[in-house]
Student: 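Starting off with a structure, shown below.
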Number of protein chains: 2
Amino acid sequence: MPKRVDHDERRAEIGRALVRVAARRGLHAVGMRDVAAEAGISLRLVQYYFRTKENLLLHGLQQLTEEFGERVTARVRSAGENPGPRAVVEALLTTALPTDEESRAFHLVLTSYALLAVTDEALAAQPYLQRPDAAEDAVTGLLEQAREAGLLAPDTDARTEAITLLALAAGLGTSVLTGQRTPDSATEVLRHQLNRIFRRTQSS
Amino acid sequence: MPKRVDHDERRAEIGRALVRVAARRGLHAVGMRDVAAEAGISLRLVQYYFRTKENLLLHGLQQLTEEFGERVTARVRSAGENPGPRAVVEALLTTALPTDEESRAFHLVLTSYALLAVTDEALAAQPYLQRPDAAEDAVTGLLEQAREAGLLAPDTDARTEAITLLALAAGLGTSVLTGQRTPDSATEVLRHQLNRIFRRTQSS
DNA sequence: GTTTTCGTGATACGAACGTACCACGTTGGT
DNA sequence: ACCAACGTGGTACGTTCGTATCACGAAAAC
């Protein structure tokens with residue numbers, strides 16, 4: 001029954017299976033046989049579409065970061081037609097918080113990758129982890145824009161505040177992952193910090 | 001040549017070897033043979049002092065958290081004889097930043113443990129990761145104390161600020177680990193946030 | 001219509017891992 | 001002085017993992 005098959009779609013499907021099993025048992029414990037079983041296919045096919053395990057892991061990381069970008073833009077877009085800088089920044093930051101079960105799995109695996117890249121040079125060479133400062137630049141730009149519009153104190157250091165917000169969101173995210181904090185609590189803390197920076201807000 | 005040996009000291013030595021190899025190759029890649037080689041002993045001895053690998057990992061975590069506590073108190077103590085709340089809080093928070101190579105290894109392994117505990121129930125059951133809110137209570141107390149002393153704005157929400165500071169320090173720490181930020185940059189951002197909370201500082 | 005390529009299954013292999021077992025010298029108890 | 005417990009070495013076993021190999025049916029190419 002071998003019909004012609006879309007390799008990219010197949011790879012994406014296997015990649016999703018990889019993320020699911022990684023979220024359940026930990027990225028370190030993921031084997032090719034587990035991924036195959038999760039995807040409902042044979043081990044041979046996982047080998048066929050990704051020749052080696054390293055390839056599989058690399059593709060999983062790429063897929064995950066791309067999905068993350070899509071999540072951010074989707075969330076920003078859902079902030080309204082003509083959202084203010086505050087709404088955009090808030091949408092951007094709250095994407096980093098694991099709220100439902102899906103995003104929880106998502107962030108667990110992505111954080112595992114980031115930590116893995118510290119000791120694995122093949123992973124560290126991936127461009128997806130090399131250029132994570134795009135978010136920093138984006139938030140910095142939004143804050144400068146808000147400052148020009150008079151929404152921020154005039155002496156605000158946009159970049160420092162951007163770095164602070166991003167690191168805070170990341171830290172809150174992991175604390176939610178490890179069960180030290182509830183998603184609601186983390187969101188509230190993040191909002192509190194935003195309220196401080198944005199002296200006046202214009203809407204949701 | 002088997003003289004009577006201090007089991008606890010032996011275990012601590014093996015634990016240090018475990019941390020070293022975990023920092024070099026990743027916690028997931030640590031095997032008992034690696035630990036034995038790093039400690040300069042035979043595999044059999046690692047088995048002898050820790051019957052199972054799970055025991056070894058659990059002990060490594062315990063040792064690491066204890067060492068972390070000692071680091072914090074040592075750093076706080078080095079803040080001066082009669083330090084103000086600001087100095088104490090700063091000492092506490094900067095302990096979470098990987099500055100030199102040793103603390104870098106330290107934080108990498110500890111973060112790996114925390115992430116591992118999300119999917120490993122045996123690790124999650126350990127009390128060292130169950131009660132990490134002690135730091136939150138401590139910082140909250142210090143901030144309240146500072147507020148009473150007039151060092152903070154009277155309407156400061158001590159607990160929210162404490163949570164913010166700790167999550168920020170954790171986030172900055174991991175960003176330093178992954179090479180996204182330099183230790184100096186992270187320290188500066190942390191100080192900036194402290195300067196905001198403490199409107200006036202009294203020294204060091 | 002034949003031939004080649006593609007998708008898939010089953011299985012085997014070598015390495016590494018955690019663990020268990022056996023043996024032996026040394027030390028402390030009595 | 002003898003005996004039991006301790007510390008240590010060497011090694012083997014069973015499992016699991018990533019990878020490679022063989023085989024085969026179906027579709028596409030010509």
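Worth knowing before you read on, the calculation uses all heavy atoms, side chains too, and leaves out hydrogens, waters and symmetry mates.
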Student: For B:Asn55 and C:dG18, what is the distance between atoms CG and P respectively, to the nearest whole Å?
Tutor: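 From B:Asn55 CG to C:dG18 P: 14 Å.
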Student: Take the C1' atoms of the five end pairs on each side of the helix from C:dG7-D:dC24 to C:dT30-D:dA1, derive the two axes, and give their angle rounded to 10 degrees.
Tutor: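 Roughly 10°, once rounded to the nearest ten degrees.
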Student: D:dT11 C1' sits how many Å from B:Leu45 CG, rounded?
Tutor: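 Result: 15 Å.
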Student: For A:Gln47 and for A:Ala29, locate the closest nucleotide of DNA chain D by heavy-atom distance; then report the residue assigned to the nucleotide nearer the 5' terminus.
Tutor: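 First, find each residue's nearest nucleotide; the 5'-ward one identifies A:Ala29.
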Student: Starting from C1' on D:dG7, measure out to CD1 on B:Ile14 and report it in whole angstrom.
Tutor: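 It works out to 12 Å between those atoms.
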Student: If I take atom CZ in residue A:Phe50 and atom P in nucleotide C:dT8, what distance separates them, rounded to the nearest angstrom?
Tutor: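 After rounding, the gap between these two atoms is 13 Å.
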Student: One thing to verify: whether A:Glu102 and A:Arg20 come together as a salt bridge, which I'm taking to mean a side-chain N less than 4.0 angstrom from a carboxylate O.
Tutor: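 No, no charged N to carboxylate O under 4.0 Å.
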Student: Could you check whether A:Glu38 pairs with A:Arg24 (Lys NZ or Arg NE/NH1/NH2 to Asp/Glu carboxylate O, under 4.0 Å)?
Tutor: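 Judged by the 4.0 Å cut-off on N to carboxylate O distance, A:Glu38 and A:Arg24 do form a salt bridge.
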Student: If the threshold is 4.0 Å, N to carboxylate O, is there a salt bridge linking B:Arg25 and A:Asp120?
Tutor: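 Salt bridge flag = no for A:Asp120 with B:Arg25.
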Student: Nearest of C:dT8, D:dT8, D:dT19 to any side-chain atom of A:Lys53?
Tutor: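 Nearest to the side chain of A:Lys53 among the choices is D:dT19.
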Student: What is the distance from NE2 of A:His28 to P of D:dC17, rounded to the nearest Å?
Tutor: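 Going from A:His28 (NE2) to D:dC17 (P), I get 12 Å.
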Student: Tell me: CZ of A:Arg33 to P of C:dA10, nearest whole Å?
Tutor: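 It works out to 14 Å between those atoms.
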Student: For A:Arg44 and for A:Asp34, locate the closest nucleotide of DNA chain D by heavy-atom distance; then report the residue assigned to the nucleotide nearer the 5' terminus.
Tutor: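 The answer here is A:Asp34.
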